[in-house]
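As structure tokens, the structure follows; a few thoughts come after it.
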Amino acid sequence: MKAAVLRENQKPLEIEDISIDKPGPGEVLLRTAASGLCHSDLTVIEGGLPFPPPCVLGHEPAGVVEQVGEGVSDFTPGDRVIGCLSTWCGVCKFCTQGRPYLCPSQFEGRPEGSAARLSDASGAPLGQFANLASFAEQMLCPERSLVKIRDDMPLDRACLIGCGVTTGLGAALNTVDIPAGASVVIVGLGGVGLAALQGARITGAGRIVAVDTQSWKFEMARQFGASDCVDASEGDAVAAVHEITGGGADFVFECIGLVPTVQQSVAMTGRGGTTVLVGVVPIPQMASIMPADLTLQEKKITGSFMGSNRFRFDMPKYVDFYLDGRLKLDEMISSRIGLAEVNDGFDRMRKGEVARQVIVFQ
Ligand SMILES: NC(=O)c1ccc[n+]([C@@H]2O[C@H](COP(=O)([O-])OP(=O)(O)OC[C@H]3O[C@@H](n4cnc5c(N)ncnc54)[C@H](O)[C@@H]3O)[C@@H](O)[C@H]2O)c1
Ligand SMILES: [Zn+2]
Ligand SMILES: [Zn+2]
């Protein structure tokens, strides 16, 4: 089967014919239907998130079950599923606390000494990013990385729920508690930010301010529920947000992953407000904040990982939101591309020319 392989950081992915193993106990083999391109894949390519090449990236997939391994009872061939990197074990401290998105099992593949799930034409093992590796025609995943969805959900839109939508919506719906009428700022209008914006709208937030350097995104942002838009390429975005919100917002979601915008997001947060860090700043970059700013104004900063999800519960609900018209996904897709165009897709992402791009497999 064809896959896009990362051979070396900061180099284009290479389209190769690779092999995929048979499903072992608790594993499911899928035919990949569609995979979104998320900025986190690009951060791995550029070396800002450690995952060693050679490997297959892609972690925003939807597909169809082809074969199940021993002991798999939740899936049968033909099931339509979304894959999520938040693999859970069910028994660790985080799973039993109700925070399965922090489960360490998501960073583990097959047990040591097992055959690799993926290998290249020479038989050498290939890393599988996030237990998914969806830049490939087939995927071999733990069943606890998958959720079954309604048959009437189109898979080229379902895939967006696999990462960006769950991350953004969940940041607003799960990580923090936004009271109706609260002021919200979304910094960065990629797939993640546009989903956080919709999450804020669904919670009943008051003013929702969308911030980006690409002003063409503002029409979409308004359609998704933004009341105000700030062009960060023109003038002081922090001052503009203070002006609109009367001294800073109740909630600011940083959805880019840059040090300057993290610092701006803290500065945009008002007295008693919360900054939610959703963007992943490349490791090991540091940001500076003024602690007194937090103490004297009782501001909070929190991270939000994968929308604090319980994806087997959340994702079917997000599918319902879409099919009911409460969640906009069609508008988020800037283009549908083939696997061979994946590098062009990342170039367009680097330039900020797109909202979300989806690889559609035949
Ligand atoms: N926390 C999580 O679990 C999680 C999950 C998925 C993705 N992420 C991270 O979320 C971030 C966003 O991902 P994405 O796929 O939506 O990215 P994206 O590249 O599609 O979107 C980023 C947006 O930020 C805008 N932008 C860039 N520089 C800016 C600036 N200085 N001021 C204002 N706007 C600016 C761009 O124009 C673009 O609209 C990334 O850091 C990604 O790694 C986090
Ligand atoms: Zn992602
Ligand atoms: Zn666990």
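Order of appearance sets the numbers: ligands from 1, and atoms from 1 within every ligand.
For the Zn ion (ligand 2), the nearest N, O or S atom contributed by H59 is named NE2.
Across the listed options N309, T167, V187, V278, V278 owns the non-hydrogen atom lying nearest to atom 44 (C) of ligand 1. Relative to atom 27 (C) of ligand 1, the option among I186, V211, L42, I256 with the closest non-hydrogen atom is I256. For atom 23 (C) of ligand 1, the choice among A195, G190, A196 with the nearest heavy atom turns out to be G190. Across the listed options T213, V230, V276, T213 owns the non-hydrogen atom lying nearest to atom 30 (C) of ligand 1.
For T261, every heavy-atom contact with ligand 1 shorter than 4.0 Å involves the side chain, none the backbone. The residue A171 has no part lying near ligand 1, judged by heavy-atom distances below 4.0 Å. The side chain of C163, and not its backbone, has at least one atom closer than 4.0 Å to an atom of ligand 1 (non-hydrogen atoms only; side chain from C-beta on). Under 4.0 Å from ligand 1, not a single heavy atom of V281 appears.
At a 4.0 Å cut-off, not a single heavy atom of R350 sits close enough to ligand 1 to count as contact.
Taking the Zn ion (ligand 3) as the apex, the angle formed with SG of C103 and SG of C95 is 110°, to the nearest 10 degrees. At the Zn ion (ligand 3), the vertex angle linking SG of C89 with SG of C92 is 110° (nearest 10 degrees). Here the angle at the Zn ion (ligand 2) defined by SG in C163 and SG in C38 stands at 130°, rounded to 10 degrees.
Close approach of ligand 1 to M306 is summarised as follows: ligand atoms under 4.0 Å from at least one heavy atom of the residue are 2 (C), 3 (O). Taking every heavy atom of Q214 and a limit of under 4.0 angstrom, the matching atoms of ligand 1 come to 37 (O).
Under the 4.5 Å side-chain contact rule for hydrophobic residues, V266 and F253 do not share a cluster.
Using cut-offs of 30° and 60° for the angle between ring planes, the F305 and F107 rings count as parallel.
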